[in-house]
Amino acid sequence: MAKGKNKTSEDRNNNSRTSNGHKSKQHHVRKGRQETGASTGSGNGEKFPTKLAMWDFDHCDPKRCSGKKLERLGLIKNLRVGQKFAGVVVSPNGKGVVCPDDKEIVESNGAAVVECSWARLDEIPFNKIGGKNERLLPYLVAANPVNYGKPWKLNCVEALAACFAIVGHIDWAELLLENFSWGLTFLKINEELIRVYQKCTDSTSVQKAQDEWLEKIENESKERKQKAQTGDVWMTGNTLQEGLDEASSDSDEDTDEDSDEDSEEDTDEESEEDKPRYDSLGNLIEEEDKEPKYDSLGNLITKTTNLSL
Ligand SMILES: C[S@@+](CC[C@H](N)C(=O)[O-])C[C@H]1O[C@@H](n2cnc3c(N)ncnc32)[C@H](O)[C@@H]1O
């Protein structure tokens, strides 16, 4: 964390250091460009009702980095490599998932994240950061502009907010997210699932609730597929053909975000044909979801049809 209580926030930006001890890229960003103003939360002079911290590896474009924005707002503390954190560490290195039983730890010691690129996780010295309470997040869908609609790949502010929401502090989740124009959409699109997780107790029960949810959406998806196969296209909606234009809302966004590390990685992911894709509500996007195409005899062109022939 930058020192110098009497300096302006701009001065502090210029002095801030990453977890590696390098000067943060943040000073390139014109202040105020994307800020909507920090929320003070507790109303007693504290910036936030509990501790927020991050190890920042300075991988990301500061303009799109939610961790850096929280730092600019004075809401989050930067940790050094070698420093451990006593609260819940929401991390890809976690073992169990965040659960309502974590509430006390979060209230007394706060929550931390690892600000880095998803594509460069192998560069993170996980043995030198973290703490006793490292957690994964259960299935939730991102609403941030870089990974919109993608499950599990939340950005730092979403990850912190998800942790607070699951332990029952939806108020803290809102306080953080309302600093981002898209922020509250994260709670909206995950509303139902967050309520399910909040009713759980320990990590195992959250994991079980997640698996049941995933099974449910998979079954619904199979059901739609089956209906499509029996020719009930009017009941099942549009059908999607392989070989048709693969344009999706994700790839549109990625074009906008093309200088971001995470967006490059998104392009790779879309080329992995076997990976299931989800819409913004977490529903599995099926092959059958695009407009039906018919051949000259009026037959439905199926998945196996090569349209370029
Ligand atoms: C990989 S960084 C990407 C940050 C992004 N550049 C941003 O602007 O915030 C996201 C961090 O949020 C936390 N996180 C997000 N999704 C997670 C999940 N499903 N399980 C555990 N931690 C997660 C981790 O600390 C992770 O390192």
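Counting starts at 1 for both ligands and their atoms, following the listed order.
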Inset, instruction - Determine, step by step, whether Phe85 and Trp55 satisfy the side chain to side chain contact (heavy atoms under 4.5 Å, CB included) criterion, reporting the C-alpha distance in whole Å, the side-chain angles of both residues, the deciding distance to 0.1 Å, and the verdict. - result: CA-CA 10 Å; Phe85 185 74; Trp55 290 268; 3.7 Å; yes
Inset, instruction - List the steps and the verdict of side chain to side chain contact (heavy atoms under 4.5 Å, CB included) for Trp152 and Asn147. - result: CA-CA 10 Å; Trp152 282 291; Asn147 280 322; over 6 Å; no
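Contact atoms of ligand 1 toward Cys65: 8 (O) (distance under 4.0 Å to a heavy atom of the residue). Interface atoms of ligand 1 facing Glu115, defined by a heavy-atom separation under 4.0 Å, are 4 (C), 5 (C), 6 (N), 7 (C), 9 (O). Interface of Val113 with ligand 1, defined as ligand atoms under 4.0 Å from a residue heavy atom, comprises 25 (O). The distance from ligand 1 to the heavy atoms of Ala159 drops below 4.0 Å at these ligand atoms: 12 (O), 13 (C), 14 (N), 15 (C). Atoms of ligand 1 lying under 4.0 Å from at least one heavy atom of Arg64, given by number and element, are 8 (O). Listed by number with element, the atoms of ligand 1 under 4.0 angstrom from any heavy atom of Cys60 are 6 (N).
Looking at ligand 1, you won't find any N or O of Trp118 less than 3.5 Å from one of its N or O atoms.
For an aromatic pair to be called close, the ring centres must be under 6.0 Å apart, and Phe164 with Phe48 satisfies this.
When each of Asp102, Val90, Val97 is paired with Arg135, the side chain to side chain contact (heavy atoms under 4.5 Å, CB included) condition holds for Asp102 and for no other. Checked against Glu134 for a side chain to side chain contact (heavy atoms under 4.5 Å, CB included), the options Ile129, Val114, Val89 give a single hit: Val89. For the pairing with Val167, the side chain to side chain contact (heavy atoms under 4.5 Å, CB included) check across Val88, Val106, Asp101 returns one residue only, Val106.
Look at Gly94 and you'll find every heavy atom at least 4.0 Å from all atoms of ligand 1.
The two residues Leu137 and Ala159 have their closest heavy-atom pair at CD1-CA, 3.6 Å.
Selection from Cys116, Ser66, Ala119 by nearest heavy atom to atom 9 (O) of ligand 1 gives Ser66. Taking each of Asn155, Val146, Leu136 in turn, the one with a heavy atom nearest to atom 7 (C) of ligand 1 proves to be Asn155.
Both the backbone and the side chain of Cys156 come within 4.0 Å of ligand 1, judged by heavy-atom distances.
No side-chain N or O of His59 forms a donor-acceptor pair with one of Glu115 less than 3.5 Å apart.
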